Protein chains: 2
Amino acid sequence: MRIGELSRKTGVPVPTIKYYVREGLLPPGELTSPNQANYDEAHERRLQLIRALLDVGGMKVAEIADVLKAIDDPARPLHKVLGAAADRLGTAGTEHDDTESAAAHAVVADLISRRGWQAHESNPAAADLSKAIAAMARLGHGAFVEVLDDYADAAEQVARADLAYVDRRVAVEGMVETVVIGTVLGEAVFSALRRLAHVDASAKLYGTEGPPERNAN
Amino acid sequence: MRIGELSRKTGVPVPTIKYYVREGLLPPGELTSPNQANYDEAHERRLQLIRALLDVGGMKVAEIADVLKAIDDPARPLHKVLGAAADRLGTAGTEHDDTESAAAHAVVADLISRRGWQAHESNPAAADLSKAIAAMARLGHGAFVEVLDDYADAAEQVARADLAYVDRRVAVEGMVETVVIGTVLGEAVFSALRRLAHVDASAKLYGTEGPPERNAN
């Protein structure tokens, strides 16, 4: 198909498609004449993936380029691609070296061992978790650790659902791409559901979900 | 205390503290001489909050300025402040107007009614949810909706834990600030836990959490 049709099918403007090609996110179309290129379904699908990671996953163009490069490189092992996708969900910045930080590390190590999780406390996600817990403690919310097991129960349930889904779909789609989509878009899905559940819980607790002008947004 | 001590206590470099004051994130210290200012515990706490939203919550300086302005304005109702905090977790960009989008809206409306959630489908979180579901459908992952109830169960559990926590702490801390911290930092906590639970679930399913070099990161 021509670039115009690709644009219509995906809702992505032609200049944006050209920008993605320049940035290496989208492979160039096959030239049929010096100034006309042909695009196929692979281009259409790749564009959908780019838009999803951008619009729903909130990723930056450079981050998407990294993840796509990892997806396209068959020599790259799955956990490396996953790393590229998961790391961008992680937090940057250096860690404090204070009491709260040491206490948070102990809380996370204890959680992992108590739940029998086969994950090492040196895992980047464990580091992000201690950072968040330490930040809360510095703000006077050390008691938040009391609800950590409720959070962990919920996280286990989501992870089981994710793995079951990937397991079922692995024959149909590329495993690597599925895992990237699940990691990034699944995060957006859960975030939206948590906010909806908050609205519901507040309504049941306080009898209102807030004035109408807020909900009409 | 002097700015140097404030810096030592919070781990935030002096030039960064000055930058936050210039940007209106941190109130200026009380001038004790033409070039010396005095800072107190309120400054220390505010700095901790800024760093938490920045480092753990991944918020931008301008977004933090908005949220802090909302926290500081007693005339601003709670749900408006919450809106400022929650909306930044939402996704930007316009929605497609296609089959997948219409189907996703129906899925979300059905989910809300089936679960008896007191939340309107015009809520921004509901819109974000349909956007994520529609994006997955466009990528051939329409079957993801089959695990949506597992996600919703988990989201309800987290929301219940959050509300119970806020309810318990409301006398001790400012309600508004607590809710902002819970919304933004709670998101980071769950995200890290989900990634850890993935590592565990993979290890139990596939017998490995990946080669050591990945875990040593």
Side-chain angles (χ1 to χ4, degrees), chain A residues 11 48-49 52 55-56 58 79 86 89 91 93 96 117-120 122-126 128-129 131-132 135-136 138-140 147 150-152 154-161 163 165 173 181 185 188-201 203 205 209-210 214-217, chain B residues 11 48-49 52 55-56 58 79 83 86 89 91 93 96 117-120 122-126 128-129 131-132 135-136 138-140 147 150-152 154-159 161 163 165 173 181 185 188-201 203 205 209-210 214-217:
Chain A
Q48 301 283 23
L49 180 58
D55 292 343
V56 181
H79 70 274
L89 297 174
T91 56
H96 293 250
W117 279 356
Q118 295 187 26
H120 198 266
S122 66
N123 188 290
D128 285 342
L129 181 58
K131 257 183 69 177
M136 284 197 163
R138 280 182 214 112
L139 290 163
V147 301
D150 290 315
Y151 267 66
E156 278 183 8
Q157 177 163 6
V158 165
R160 270 195 306 271
L163 266 281
Y165 178 76
E173 304 289 343
I181 292 170
L185 270 62
V189 166
F190 189 83
S191 165
L193 282 168
R194 176 175 179 243
R195 287 186 285 139
L196 271 182
H198 275 168
V199 171
D200 172 60
L205 203 62
E209 57 166 322
R214 171 78 198 138
N215 307 319
N217 272 351
Chain B
Q48 301 283 22
L49 181 57
D55 292 344
V56 181
H79 70 275
L89 297 173
T91 56
H96 293 250
W117 279 356
Q118 295 187 26
H120 197 267
S122 66
N123 189 289
D128 286 342
L129 181 58
K131 256 182 71 178
M136 284 198 164
R138 279 182 213 112
L139 290 163
V147 301
D150 290 316
Y151 268 66
E156 279 183 8
Q157 177 162 6
V158 166
L163 267 282
Y165 179 76
E173 305 288 344
I181 293 170
L185 270 62
V189 166
F190 188 84
S191 165
L193 282 169
R194 177 177 178 241
R195 286 185 287 138
L196 271 182
H198 275 168
V199 171
D200 172 60
L205 202 62
E209 57 166 321
R214 171 79 199 138
N215 305 320
N217 270 351

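Remember, predicted model here, so these are calculated numbers, not experimental data.
Of all heavy-atom pairs between A/Leu185 and B/Ala135, the closest is CD2-CB, 3.9 Å. Residues A/Arg194 and B/Val158 share a closest heavy-atom pair of NE-CG1, 3.5 Å. Closest approach of A/Lys131 and B/Val56 over heavy atoms only: O-CG2, 3.9 Å. Closest heavy-atom contact between A/Ala188 and B/Ala132: CB-CB, 4.4 Å. Of all non-hydrogen atoms in A/Val147 and B/Ala161, the two that sit nearest each other are CG1-O, 3.9 Å. When every heavy atom of B/Ala125 is checked against every heavy atom of A/Ala192, the shortest pair comes out as O-CB, 3.4 Å.
A distance of 12.5 Å separates CZ in B/Arg138 from CG in A/Leu49, rounded to the nearest 0.5 Å. Here CG of A/Asp128 is found 11.0 Å from CG of B/Leu193. Values are rounded to the nearest 0.5 Å. Note that CZ of B/Arg195 and CG of A/Leu129 are 9.5 Å apart. Values are rounded to the nearest 0.5 Å.
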